[in-house]
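In what follows, a single structure is set out as structure tokens and then discussed.
Note that this is a predicted model, so its numbers are computed, not measured. Letters go in sequence order (proteins before strands), and every chain restarts at 1.
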Number of protein chains: 2
Amino acid sequence: MTVRLDTVDRKILSELQKDASRSLDDIAKTIGASKTPVWNRIKKLREAGVIKRTTVELDAEALGFEACFFVLIRTSEHEADWQDRFLTALQNRPEVLEAHRLAGEIDYILKVIVPNARAYDKFYQALISEVRVFNVTALLSMEELKSGGGLSLDP
Amino acid sequence: MTVRLDTVDRKILSELQKDASRSLDDIAKTIGASKTPVWNRIKKLREAGVIKRTTVELDAEALGFEACFFVLIRTSEHEADWQDRFLTALQNRPEVLEAHRLAGEIDYILKVIVPNARAYDKFYQALISEVRVFNVTALLSMEELKSGGGLSLDP
DNA sequence: GGTGAAATTTCCACTTT
DNA sequence: AAAGTGGAAATTTCACC
């Protein structure tokens with residue numbers, strides 16, 4: 001499952017992370033190689049799953065998604081069945097952009113983006129009616145200070 | 001600053017979010033249009049900033065970034081000067097992928113990805129030596145249950 | 001890893017509704 | 001105004017060095 005990556009691979013990934021719309025030639029030039037090896041490496045990196053997908057980063061506010069919440073969840077249920085249902089609920093809800101199981105007091109954190117506070121409440125009500133949770137705390141984002149930071153692959 | 005988007009724009013954005021590497025023709029076909037209008041719309045959406053950039057989503061673990069933390073920060077300082085220094089510190093630290101200013105008890109949340117716990121501690125020490133913070137809680141992710149969820153633009 | 005060329009795609013001028 | 005057509009230019013993809 002582990003992939004060995006050399007400096008060239010890292011440079012390629014770093015460039016793609018910054019801007020995946022540039023041409024192969026262009027990328028090859030900036031990293032000091034020629035297009036075919038770059039193309040072959042990108043192909044391998046895709047196949048190996050190092051590059052999971054190519055996407056566009058959208059401006060949520062411009063699209064009417066004005067509210068971003070981080071939701072901290074504690075539960076008393078830890079059986080496999082409960083976990084499965086919880087996972088399915090998260091996967092099925094498009095307002096959940098990201099979800100992690102945590103170590104420590106808090107069991108889960110979700111990142112939820114919705115048009116407004118009312119939509120969040122709707123989401124919240126739907127979620128707690130689907131799966132039993134012990135405690136939910138919602139942190140409302142007032143301002144996105146940094147976003148879309150990529151992994152730092154420079155060295 | 002608000003952009004008016006019709007159904008076709010939303011379909012295009014939805015497709016690009018799912019996979020931005022597909023060809024124009026391909027995308028045009030799936031949404032039932034022809035390539036030129038799609039091209040013109042994408043161009044406009046880019047210029048308007050609705051599409052912020054095209055990127056690749058990488059597998060952090062495959063690249064040796066094994067630890068993901070959500071960092072909750074409380075501070076007693078709220079002057080503009082402090083905020084500026086804090087913001088600069090965040091921007092300069094590549095391990096911070098995302099940062100939000102929050103409403104309520106907790107003032108900030110950061111998403112931090114590092115190779116391991118030791119690297120997190122290094123980051124933490126560096127941060128608190130740069131800016132004064134009142135309280136820091138780190139939530140360690142054990143498992144990413146969902147990631148890369150896009151905005152839901154279907155309707 | 002590089003070269004070059006076929007196949008595909010992007011991009012734009014022009015036509016149509 | 002907004003969508004389609006066609007084609008030149010650029011880019012991707014691949015066989016071969």
Side-chain angles (χ1 to χ4, degrees), chain A residues 1-59 61-65 148 150-155, chain B residues 1-59 62-64 148 150-155:
Chain A
M1 197 59 219
T2 298
V3 194
R4 298 207 323 107
L5 301 168
D6 65 9
T7 313
V8 180
D9 289 322
R10 282 169 200 282
K11 279 184 187 164
I12 292 170
L13 292 173
S14 183
E15 291 303 319
L16 287 177
Q17 214 176 25
K18 275 190 282 198
D19 183 358
S21 72
R22 293 170 63 204
S23 82
L24 262 180
D25 252 336
D26 218 4
I27 292 167
K29 248 160 234 152
T30 56
I31 69 170
S34 117
K35 64 195 163 124
T36 307
V38 174
W39 187 78
N40 284 321
R41 280 161 183 270
I42 292 175
K43 195 159 178 263
K44 280 216 174 56
L45 290 165
R46 269 185 210 288
E47 282 162 4
V50 177
I51 296 173
K52 294 201 270 188
R53 64 167 175 160
T54 306
T55 12
V56 290
E57 208 180 285
L58 303 178
D59 182 331
E61 296 197 2
L63 292 159
F65 293 87
L151 303 171
S152 104
L153 303 160
D154 303 323
Chain B
M1 196 62 218
T2 300
V3 194
R4 297 206 324 108
L5 300 168
D6 64 11
T7 314
V8 180
D9 289 320
R10 281 169 202 282
K11 280 185 187 163
I12 292 171
L13 292 173
S14 183
E15 292 304 317
L16 288 177
Q17 213 175 25
K18 274 189 282 198
D19 183 359
S21 71
R22 294 170 62 205
S23 82
L24 222 49
D25 252 336
D26 218 7
I27 293 167
K29 249 160 232 153
T30 57
I31 69 170
S34 119
K35 64 194 159 119
T36 308
V38 174
W39 187 79
N40 283 319
R41 281 160 183 270
I42 292 175
K43 194 159 178 262
K44 280 217 172 59
L45 290 165
R46 270 187 212 288
E47 284 163 4
V50 177
I51 297 173
K52 293 201 269 188
R53 64 169 177 159
T54 305
T55 8
V56 291
E57 209 179 285
L58 303 178
D59 183 330
L63 292 159
L151 302 172
S152 104
L153 303 159
D154 304 322

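- Atom-to-atom, CG of B:Asp6 to C1' of D:dA2 comes out at 10 Å; the value is rounded to the nearest Å.
- Evaluation of the salt bridge (charged side-chain N to carboxylate O under 4.0 Å, His left out) rule for B:Lys18 yields B:Glu15 as partners, not counting sequence neighbours.
- In the region residues 20-33 of chain A, proximity to DNA chain C at under 4.0 angstrom, judged on heavy atoms, holds for none of the residues.
- Atom CZ in A:Arg41 sits roughly 18 Å away from atom C1' in D:dT12 (whole-Å rounding).
- Side-chain contact check for B:Leu13 versus A:Leu63: some heavy-atom pair is nearer than 4.5 Å.
- Side-chain contact between B:Asp154 and B:Ser14 is present, with at least one heavy-atom pair separated by less than 4.5 Å.
- Shown here are the salt bridge (charged side-chain N to carboxylate O under 4.0 Å, His left out) partners of B:Asp26, two or more places apart in sequence or in another chain: B:Arg22.
- Taking the salt bridge (charged side-chain N to carboxylate O under 4.0 Å, His left out) definition, one finds that B:Glu57 meets it with A:Arg53, sequence neighbours left out.
- Evaluation of the side chain to side chain donor-acceptor pair (under 3.5 Å) rule for A:Asn40 yields no partner, not counting sequence neighbours.
- As rounded to whole Å, 10 Å separates atom P of D:dA2 from atom CG of B:Asp9.
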Could you list all N or O pairs between the protein and nucleotides 5-9 of chain D that sit under 3.5 Å apart?
unit_1: D:dT5; atom_1: O4; unit_2: B:Thr36; atom_2: OG1; d: 2.5
unit_1: D:dG6; atom_1: O6; unit_2: B:Lys35; atom_2: NZ; d: 3.4
unit_1: D:dG7; atom_1: O6; unit_2: B:Lys35; atom_2: NZ; d: 2.5

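- Listed by chain and number, the residues in a side chain to side chain donor-acceptor pair (under 3.5 Å) with A:Ser21 are A:Asp19 (sequence neighbours excluded).
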Side-chain donor-acceptor pairs of residues 42-50 of chain B under 3.5 Å, sequence neighbours excluded:
unit_1: B:Arg46; atom_1: NH1; unit_2: B:Thr54; atom_2: OG1; d: 3.2

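- Between A:Ile51 and B:Asp59, the closest side-chain pair of non-hydrogen atoms is not below 4.5 Å.
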Considering only nitrogen or oxygen atoms on both sides, find all protein atoms under 3.5 Å from nucleotides 15-17 of chain C and state each distance.
none

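- The separation between A:Trp39 atom CH2 and C:dT8 atom P is 13 Å, rounded to whole Å.
- Judged as a salt bridge (charged side-chain N to carboxylate O under 4.0 Å, His left out), and not counting sequence neighbours, A:Asp25 has no contacts.
- The distance from atom CG of B:Asn40 to atom C1' of D:dA1 is 12 Å, rounded to the nearest whole Å.
- A salt bridge between B:Arg41 and B:Asp9 is present, with a side-chain N of the basic residue lying under 4.0 Å from a carboxylate O of the acidic one.
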